[in-house]
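The block underneath contains the structure these notes are about, expressed in structure tokens.
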Amino acid sequence: MKKVEAIIQPFRLDQVKAALARLGIQGITVSEVRGFGRSKGHTEHFRGSEYSVDLLPKLKIEVAIKDADVGDVVSAITTAARTGHIGDGKVYVSSLSDALRIRTSEQGDAAIS
Amino acid sequence: MDLADTSHPHPELGPAIELRELITRGRANIREIHQGGAMGEQVTAALTSLCDRIVERASDMIAEQTGQTGRIGRDLALVAVGGYGRGDLAPFSDVDLLFLTAKPPDEGLRKFVSAMVRLLWDAGLSLSQSVRTPAECFAFARSDLPAWTALTEARLIRGSDPLFEELLKQINRLIRRRSVRSLAEGILDERKKELTDDLDSTVYLLEPSVKKSAGGLRDYHLIRWVGRTRYGTPDPMGLHELGHLSLEDREQIIATRGILLRIRNELHFDAGSAQDIMTLDEQQRLSGWLGWSGSNGLLPVERFMQDYYRHTTTLHEIALRFARQAWSSRRRRWASLLSRRHVDGMFVLERHGIRLDYAHRHGAAVTATTWMQLFELARCHDVPVDPSALEQARISIPQSEVTTETRRLFFQALDNPVGLGRLLRDMHNAGLLERLIPPFQHVRCLIQFNHYHKYTVDEHTIRVVEAACRRLDDKGPIGAAYRQIRRKDLLHLILLMHDVGKGYPVDHSEKGAELAETVADQFELSEHDREMMILLIRHHLLMANIAQRRDLSDAQTIVQFARMIGTPEVLLMLFVLTAADTEAVGPGNLTSWKEALLIELYTRAMQELTGQVPGEDEAARAQRVRDEVTAKLPTGIDASRAVKQLDQMPAGYLLTTEPARIYGHLRSLQLYRPGEINVTGTYDEPTHVSTYTVILGEGERPGIFANISGVLAAAGFQILSAQIVTRPDGVVIDTFETIDNDWAGAPPPERHEQVARNVRNVLIGERTVESLMGTRFAVNETRRIAVNAHTQVEIDNSSSDRFTIVDVFATDRQGLLYVITGALAHLGFSIHSAKIATHVDQVVDAFYVTRHDGSKETDSFRLTLMREELVRRIDAHTNPS
């Protein structure tokens, strides 16, 4: 099993959700996060205001998936989240040693289907 | 004996099983009566009787078993206390039993008591027992308030009468002994503590407890305890007869009690346990069980809960008022005599409260205006309103007439943010708020049945106002914006109205806008104020939606948003409204994450509408920019002259101009001689942008900007953006970024010189723009003209002290800037500064204008004319027919 974490622009959420739904992914977790990448939050030359922040609001999407689905899921997220501008975000893939559905105690692949 | 064999149970369990069956059967019978529609009080009375019978039966059994039969009537009394004593047991309530003994119990009595307790527990009762002598009761209750309040409800079940009499004597002794006031205060403090221990102490938590939440049974008990302690009787009927409760209050108490008991009984029966909380699921089920139907845009559960909350908020208010009144003793009055003042011929102001004077309490006409004055005075002096005044208010307000004067006073009061939330709550509790704003009546206690909204609509609305007022001291951008808003009275009125459209079958923003029209008329708002109010209510969700769901770095998003807003004044209000609205949905709802997005949208939109970067303390930030720029001067620029020039530059310029351009200006300024007109043109290869900078020292002369725009338009330039800076020393620096349509690549130097020549000639009056245009002003038809966004011109005359801000939204077309600036000059306005921006085919221009003499235009008629004329000329230019 793998866990896919994606940091995306908040306004691309609907597109990413739709793309995952088309793949049949049943469940995702979304959290409000803040962060920056190489460009330190500057997307264009913006004569800074008093309150300029380099920790920009983003969304983090997490899904647990079967090994075989990694390629499709990463590709779907990337395509849906991309705008082509600085600030589009990142996708991380990590190994998941186990997963459990709390209500029924199903484990492994059954828990994430 | 086989322990699993239930047909021959352990002998000791025999009585328990018998009792258990009695209880189960008894409860089942009572449940049937309850299902049949019996009132809450009937059911609890029946349950109490059932319990009495169980206790009696148990005592018979145990007395026989332990050989103590004779002693019950003599040395022991079985006394019900607490809720059991009161007689309002719910199906699975705790049973509070006091074993009252004449003296500390001997061996025999001890055996009796322990066997009783075991038996009753085994029978399934939730027993809470104590064993005391009357003197011990006295001692214990003296120091423990819950013990005291439980004791006041004592009721003899069976046993020694004289012993019980002794207990009553001790109770009365306690009342006389401890000062009455401190007892009553103790009860109220306990209750307040209980309420604040809940996470959020309003009646309106999503899932109220019928027992503990504000307005629940605890408040009814509070009235009983205070009544017993202070006036000698706990019963509302008795209190009314003695004159301590008005008829209305009495009726309200009894009605609410009935509702609460019936609901609690059903909650217990359904759960089979002591369940006091109305979860969302239970709310839905109960609304059906009680027979509520939906209507006119409201679900059955919403109507049910609105009724529930209306009753409980009233009960809560009565309980607090009753308790406070109970200890307004004469002694306290004497103490505050020194601070007593008579105010406005109608009110008495003391340290602990404000009330009506004698004449007005007893007969003299009290109008709605008087009440408005009273509440406002209470707020200003930060004292509570006296309970007697509140009581009179509740009765008199529904019938008193609201006049223009009442509204005027209210509107005036709205302008002051300090303590405004408190004022609104007082007015709302007394029913005055909905007399002044009639649509507010519909949303009183209206719930929004979802997991998201924690408060009823009226509570949410008042919290929105409080959230906004708290921004007064906020150091961030929201606070800065709030402080900048001049018309706080209008803002607060809009906040009060923003959700009044809820609870109808139609979209609540639209409904709210519709209702706002009537209220605007009643308050006799100016046309401008009225339009702002309707616009803001109609679009009160817009900013939150865009901030969270649209790409804020996309210029189109900002432009469209700016168009809908129109002016900086509206943007300020919507910004504050959005932050406050989000905050008041529930605790923790306005995260710094959401705030960051909101602030970004605000900043970008404000820049679009004014060219300025919003924020306070411009001067300090501008100085920082000066320092930075001076520190990094490129070669070729003389440092000391640069510093002099920078000192003259206004803060707005420094904060919005890129360093590269600043250096360009500094270079040009080095070449500039006073009296000259300096025109420089540069070409940037990658972007194909030709930048022209014109520097002159005549100060704001009408038409400079228009003339330069005209020259450029006549020469076939497409103006992308422009910046005007007027310095205090009279130097004007106009910078235009253009696309030179005559040249595909870099234009030759002669081109720049020709433009410079033409500009100078026009500015000194030797040529006119028209003469230049004669040769060239064919509109460049090959540029695609977008399908249309209509022309929009907005005037903001209040956001700036010195200038009128004119925002123009239009479709781009060659020569448009000349048309606009020419019109402004022609109508008698001077442009002090401007931000010109083109986004693909959309133009968003902001002009800061004054009259030709430099003063700010104040005649709204002239401004309206200007607006209409601008729209007309722009339309004529973009759609020549």
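A, B, ... follow the sequence lines: proteins, then strands. Residue 1 opens every chain. Values in this document were obtained by computation on a predicted structure and should not be read as measured data.
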Inset, instruction - Under the side-chain hydrogen bond (donor to acceptor under 3.5 Å, both in side chains) rule, collect the residues that match up with A:E32, sequence neighbours excluded. - result: B:T591
Identify every side-chain donor-acceptor pair in residues 12-25 of chain A under 3.5 Å, counting partners at least two apart or on other chains, and give the distances.
unit_1: A:R12; atom_1: NE; unit_2: A:A80; atom_2: O; d: 3.1
unit_1: A:R12; atom_1: NH2; unit_2: A:A80; atom_2: O; d: 3.0

Inset, instruction - Check the surroundings of atom CZ in A:R101: do more than 12 heavy atoms from other residues, nucleotides or ligands lie under 6.0 Å from it? - result: yes
Legend entry - Side-chain donor/acceptor of A:R34 to backbone N/O of B:A596, under 3.5 Å: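 Not a single qualifying donor-acceptor pair exists.
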Inset, instruction - Report the distance from atom OG1 of B:T557 to atom CZ of A:F11, rounding to the nearest 0.5 Å. - result: 8.0 Å
Inset, instruction - Taking all heavy atoms of A:L59 and all of B:W593, pick out the closest pair and write down the distance. - result: CD2-CZ2, 3.4 Å
